[in-house]
Amino acid sequence: SKKKGLSFEEKRARMMEIFFETKDVFQLKDLEKIAPKEKGITSMSVKEILQSLVDDGMVDTDRIGTSNYFWAFPSKALHARKRKLEELESQFAESSQKKEALQKSIEKSKIGREDTVDRAALLKELAALRQKKEQLKTEIDKYRECDPDVVEEMRQTNQVAKEAANRWTDNIFSIKSWAKRKFGFEESRIDKGFGIPEDLDYID
């Protein structure tokens with residue numbers, strides 16, 4: 001089956017891992033080499049991902065001579081994320097209050113069930129605010145991906161899963177070796193009998 005590609009937010013989180021894990025300063029060309037090899041991010045998408053992180057204040061950049069340099073540290077990223085979350089939460093609270101006020105106005109306008117121009121306008125604005133509310137909720141969830149604690153948790157979870165998979169792979173190889181010695185079975189026969197893939201191997 002075709003391997004599923006990384007989502008935009010997964011790429012952003014993995015790009016932040018590069019900065020958090022190395023605590024180094026990079027040029028774009030450096031990241032275009034490192035990201036595909038270490039994080040599975042295609043080199044063609046590195047510039048777009050990097051620019052989105054710069055725009056959100058998660059990554060700092062400066063021009064020295066003729067070159068642009070990029071860096072990000074966990075403390076800076078966390079501070080920027082908290083500041084953005086506070087801003088979004090403030091907008092969310094303001095939208096919720098406005099929505100409540102509009103809802104009351106709409107209820108009041110229903111008296112007599114007249115289809116007035118004002119009522120239609122209020123309904124239109126309410127629909128727009130509901131859409132804005134959902135966008136803000138999505139935006140808040142997006143910034144969780146850049147939380148250094150979440151990135152570290154993802155890294156540790158991946159490591160535990162990899163180690164567990166390798167332990168089971170080791171167990172399978174041991175059982176196959178025992179079966180060949182004990183019963184003289186051919187390896188291909190064991191693989192076929194137990195549904196073991198021929199290319200079974202440890203995860204790097």
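- If you take CG on Leu123 and CD on Gln103, they are separated by 8.5 Å, rounding to the nearest 0.5 Å.
- Rounding to the nearest 0.5 angstrom, the gap separating the CG atom in Leu53 from the CD atom in Glu48 is 10.5 Å.
- The side-chain heavy atoms of Glu163 and Arg167, taken from C-beta on, include a pair separated by under 4.5 Å.
- At distances below 3.5 Å, at least one donor-acceptor pair connects side-chain atoms of Lys23 with backbone N or O atoms of Phe20.
- Scanning both residues, Val25 and Trp71, for their nearest heavy atoms gives CG2-CB, 3.9 Å.
- To the nearest 0.5 angstrom, Lys98 atom NZ is 15.0 Å from Lys133 atom NZ.
- With hydrogens and angles ignored, the 3.5 Å screen pairs no side-chain donor or acceptor of Ser67 with any backbone N or O of Ile64.
- A side-chain donor-acceptor contact under 3.5 Å links Ser95 to the backbone of Gln91.
- In terms of hydrophobic clustering, with Ile, Leu, Val, Met, Phe, Trp and Tyr side chains grouped at heavy-atom distances under 4.5 Å, Trp178 and Ile196 are assigned to a common cluster.
- Of all heavy-atom pairs between Pro36 and Ser43, the closest is CG-N, 3.7 Å.
- Rounding to the nearest 0.5 angstrom, the gap separating the CE atom in Met16 from the NZ atom in Lys39 is 12.0 Å.
- Salt-bridge annotation for Arg14 and Glu17: absent, with no side-chain N of the basic residue lying under 4.0 Å from a carboxylate O of the acidic one.
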Item to check | Worked verdict on Glu100 versus Gln97 for side chain to side chain contact (heavy atoms under 4.5 Å, CB included) | outcome: CA-CA 5 Å; Glu100 185 177 351; Gln97 290 176 357; 5.6 Å; no
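- Atom CD in Glu89 sits 11.5 Å away from atom OG in Ser96 (nearest 0.5 Å).
- At least one side-chain heavy atom of Val46 sits under 4.5 Å from a side-chain heavy atom of Met15.
- The minimum heavy-atom distance between Ile49 and Arg12, with the atom names listed, is CG2-CA, 3.8 Å.
- In this structure, OG1 in Thr61 is found 11.0 Å from OH in Tyr69, a value given to the nearest 0.5 Å.
- Counted within 6.0 Å of CD on Gln156, heavy atoms from surrounding residues, nucleotides or ligands total more than 12; the atom is thus considered enclosed.
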Next on the checklist: Under the criterion side chain to side chain contact (heavy atoms under 4.5 Å, CB included), I'd like the reasoning laid out for Leu28 against Asn68: C-alpha separation, chi angles, the key distance, then a yes or no.
Outcome noted: CA-CA 7 Å; Leu28 175 60; Asn68 291 318; over 6 Å; no
